[in-house]
K.L.:
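Would you mind keeping the following structure in view while I ask a few things?
Owing to the predicted nature of the structure, the values given are computational and were not obtained by experimental measurement. Order of the sequence lines sets the chain letters (A, B, ...), proteins ahead of strands, with each chain counted from 1.
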Amino acid sequence: MSIYSFLVAVRSDGQQLMSDTGETTSHLMGMFYRTLRIVDNGIKPLYVFDGAPPKLKSGELAKRFARKNEASEQHEEAKETGTAEEVEKFSRRTVRVTREHNEECRRLLRLMGIPFIVAPTEAEAQCAVLARAGKVYAAASEDMDTLTFDSPILLRHLTFSEQRKEPIQEIHLDKTLEGLNMDRKQFIDLCILLGCDYLDPVPKIGPNTALKLIRDHGTLEKVVEFIESDPKKKYAIPEDWPYQDARELFLHPDVRSADDPECDFKWEAPDVEGLVQFLVNEKGFNEDRVRSAAQKLQKNVKTAQQSRLEGFFKAIPKTEDQKKDLKRKHEEKVADAKKKKKEDAKTKKETKAKAHLNS
DNA sequence: ACTCTGGCTCAAGACGCT
DNA sequence: GCCTCTTGAGCCAGAGT
DNA sequence: AGCGTCC
């Protein structure tokens, strides 16, 4: 996901950054400096790449594919008749992450000495397993599904950029369940009803209604039964709506077990000359910048071992206003009952163990 | 009057100098 | 054999209560 | 904080 956002956001004059041979470098630029920042803040990141999507997702993926093609057409059209702004707008929408982008990011991580794993399927699910097993301190992702996959802690907006808008959020699954007064099974059912990648949403059921339905009926089985037997026909379950399959994916996703040898991660010193070869010689990065970045990495490999444990995050108490605000939105609706802890970005942070990043 | 959903649009990263 | 997945927030209209 | 630049 972050590769995607780098491709969309890292631009100049409406174009992605490129080497002199015309190859895109936006993803490397984004990866390199963000990872550097993270390491510089005492965190030892582990990246997780998405594997093959589960079959249940193919319907959704087909839709996205269609949308992407549509955007490409609009892009072509804009190039003929539209303004420069329109061309740029549609250009962003046509962005696709390729195998090459992925492989270059992995090569970059290897040279930086940062470990990664390619998940059998969903990266979020793999993140959750590793966090659950204590291989990492938390799973970092923008996706709430990470909690549904049973990660004990989710970090959102884990970036240490100076001009970051959103504060880092640390969300604990146990507190969330406590706040909702639900067990994990109900939470999974709630998330499915709320709308997940695997199933179409149920029309007219938004966050509030979803929460109420699960509260009133306890399980999705009962909710579906209620909806179908409702004489007023207020809601309609979509034709093809295999919620049991979705639930099964959340409960038993295809993941690499944490004790698998592949999950024996190591954080190593950067290969400075390799980085120079790759980023400077091949991609045209500025050599001084790359070398000083590599130096920072090297320094942190040493100091990171002797983890200085200070308070990692500083909690900011929620005001009543903020609570009200949260009532609105859907993910946040969940997050609301969920007790989230907002973190102050400006304070320096340390991880106890290792923070865990999702690609 | 209030609540809720759904449709719409937009913007999206990080650095370093001033 | 192709093809590596957009997403969230803010705003507003309109239906439902 | 704003803004040009990174490649």
Side-chain angles (χ1 to χ4, degrees), chain A residues 1-13 15-38 40 49-54 57-69 71-72 85 88-89 92-103 105 118-119 121-124 141-145 156-157 159-166 194-195 197-198 201-212 232 234-235 279-280 282-290 292-293 325-333 335 358-359:
Chain A
M1 198 73 260
S2 36
I3 296 179
Y4 181 89
S5 72
F6 290 136
L7 291 176
V8 170
V10 183
R11 286 168 179 255
S12 182
D13 297 325
Q15 291 239 297
Q16 289 168 335
L17 301 187
M18 291 183 300
S19 67
D20 45 20
T21 53
E23 301 160 281
T24 294
T25 53
S26 295
H27 56 306
L28 297 172
M29 175 70 75
M31 263 304 222
F32 187 54
Y33 288 109
R34 180 179 290 183
T35 306
L36 186 65
R37 272 279 181 153
I38 286 171
D40 210 35
F49 288 81
D50 263 319
K57 214 171 177 176
S58 54
E60 172 63 21
L61 292 184
K63 283 183 202 163
R64 292 179 188 173
F65 189 71
R67 260 179 269 149
K68 196 64 81 176
N69 284 334
S72 298
E85 290 79 34
E88 186 177 340
K89 185 170 91 180
R92 288 177 199 256
R93 280 187 208 167
T94 61
V95 164
R96 282 179 157 123
V97 179
T98 66
R99 171 177 300 281
E100 283 67 40
H101 293 140
N102 268 283
E103 281 173 358
C105 286
V118 181
T121 58
E122 302 276 46
E124 311 298 333
S141 167
E142 298 314 304
D143 194 343
M144 284 291 178
D145 278 358
R156 298 183 80 200
H157 314 126
T159 157
F160 293 87
S161 158
E162 295 296 343
Q163 85 292 345
R164 182 190 54 244
K165 301 155 189 77
E166 306 282 349
L194 238 28
D197 276 354
Y198 308 126
V202 181
K204 301 192 190 299
I205 295 186
N208 294 293
T209 311
L211 185 58
K212 183 176 186 326
K232 284 180 281 186
K234 198 165 172 189
Y235 307 111
L279 296 180
V280 178
E282 296 177 35
K283 302 298 180 183
F285 280 50
N286 178 285
E287 180 162 356
D288 290 342
R289 290 185 69 186
V290 170
S292 70
D325 228 32
L326 295 181
K327 284 225 158 175
R328 303 257 140 173
K329 244 143 258 178
H330 129 255
E331 297 289 25
E332 286 209 298
K333 169 80 185 177
N358 165 32
S359 84

K.L.:
Does some side-chain heavy atom of A:F160 sit less than 4.5 Å from a side-chain heavy atom of A:R34?
P.N.:
no
K.L.:
Roughly how many Å is it from CG in A:D288 to P in D:dC6, rounded to a whole number?
P.N.:
14 Å
K.L.:
Between C1' on D:dC7 and NE2 on A:H101, what's the gap in Å once rounded to a whole number?
P.N.:
13 Å
K.L.:
Quick one: what's the B/S/- string for nucleotides 12-18 of chain B, heavy-atom cutoff under 4.0 Å, read 5' to 3'?
P.N.:
BBBS---
K.L.:
For A:E122, is there an ion pair with A:K57 - N to carboxylate O distance below 4.0 angstrom?
P.N.:
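Looking at A:E122 together with A:K57, the answer is yes, because their closest N to O distance falls below 4.0 Å.
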K.L.:
Base, sugar-phosphate alone, or nothing: which one does A:N286 contact when heavy atoms must sit under 4.0 Å apart?
P.N.:
sugar-phosphate
K.L.:
Nearest whole angstrom, please: distance from the P of C:dT7 to the CD of A:E124.
P.N.:
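Roughly 10 Å, once rounded to whole Å.
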K.L.:
With sequence neighbours excluded, tell me which residues meet salt bridge (charged side-chain N to carboxylate O under 4.0 Å, His left out) with A:R289.
P.N.:
none
K.L.:
Just the rounded figure in Å: distance from P of C:dT6 to CG of A:D145.
P.N.:
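Checked: the CG to P distance equals 16 Å.
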K.L.:
Would you say that A:N286 contacts A:V290 through its side chain, given a criterion of any heavy-atom pair below 4.5 Å between the two side chains?
P.N.:
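They are not in side-chain contact.
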K.L.:
Any side-chain heavy-atom pair from A:F285 and A:L28 closer than 4.5 angstrom?
P.N.:
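With C-beta onward as the side chain, the pair touches.
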K.L.:
Sort by first number and list every stem of DNA chain C: at least 3 consecutive Watson-Crick or G-U wobble pairs, both distances under 3.5 Å.
P.N.:
B:1-12 with C:6-17
K.L.:
Measuring only between side-chain heavy atoms, which start at C-beta, is A:Q16 closer than 4.5 Å to A:E23?
P.N.:
no
K.L.:
Quote, to the nearest angstrom, the P distance that separates D:dG4 from B:dA12.
P.N.:
15 Å
K.L.:
Assess the residue pair A:T21 and A:S19 against the criterion (side chain to side chain donor-acceptor pair (under 3.5 Å)); give the C-alpha distance rounded to whole Å, side-chain angles, the decisive distance to 0.1 Å, and a yes or no.
P.N.:
CA-CA 5 Å; A:T21 53; A:S19 67; 2.9 Å; yes
K.L.:
Just how far, in rounded Å, is P of C:dG1 from CZ of A:R99?
P.N.:
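These atoms are roughly 13 Å apart.
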K.L.:
For B:dT3, does OP1 or OP2 lie under 4.0 Å from any side-chain N or O of A:N208?
P.N.:
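So the side-chain polar atoms of A:N208 never come under 4.0 Å of the phosphate oxygens OP1 or OP2 of B:dT3.
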K.L.:
Taking only the side-chain nitrogens and oxygens of A:T209, find out if one of them lies under 4.0 Å from OP1 or OP2 of B:dT5.
P.N.:
yes
K.L.:
Could you check whether any side-chain N or O of A:E124 sits under 3.5 Å from a backbone N or O of A:D145, counting only pairs where one atom can act as donor and the other as acceptor?
P.N.:
no
K.L.:
Looking for any heavy atom pair under 4.0 Å, which part of the strands does A:E122 touch: base, sugar-phosphate only, or nothing?
P.N.:
base
K.L.:
Tell me: NZ of A:K204 to C1' of C:dT17, nearest whole Å?
P.N.:
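For the pair A:K204 NZ and C:dT17 C1', the rounded distance is 14 Å.
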K.L.:
Within a strict 4.5 Å, meaning less than it, do heavy atoms of the A:P54 and A:Y198 side chains meet?
P.N.:
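A:P54 vs A:Y198: side chains touch.
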K.L.:
Counting only side-chain heavy atoms from C-beta out, which of D:dC7, C:dT7, B:dT5 sits nearest to A:D197?
P.N.:
C:dT7
K.L.:
Round to the nearest Å and state the distance from A:K212 atom NZ to B:dT5 atom P.
P.N.:
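Distance check: A:K212 NZ to B:dT5 P gives 12 Å.
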K.L.:
Would you measure the distance from the P atom in C:dC3 across to the matching atom in B:dC17 and give it in whole Å?
P.N.:
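Rounded to whole Å, the distance is 44 Å.
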K.L.:
Hey, is the side chain of A:K234 poking within less than 4.0 Å of OP1 or OP2 on C:dT17, counting only N and O atoms?
P.N.:
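Answer is yes, contact under 4.0 Å.
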K.L.:
Could you state the CG-C1' distance from A:D13 to D:dC3, rounded to the nearest angstrom?
P.N.:
14 Å
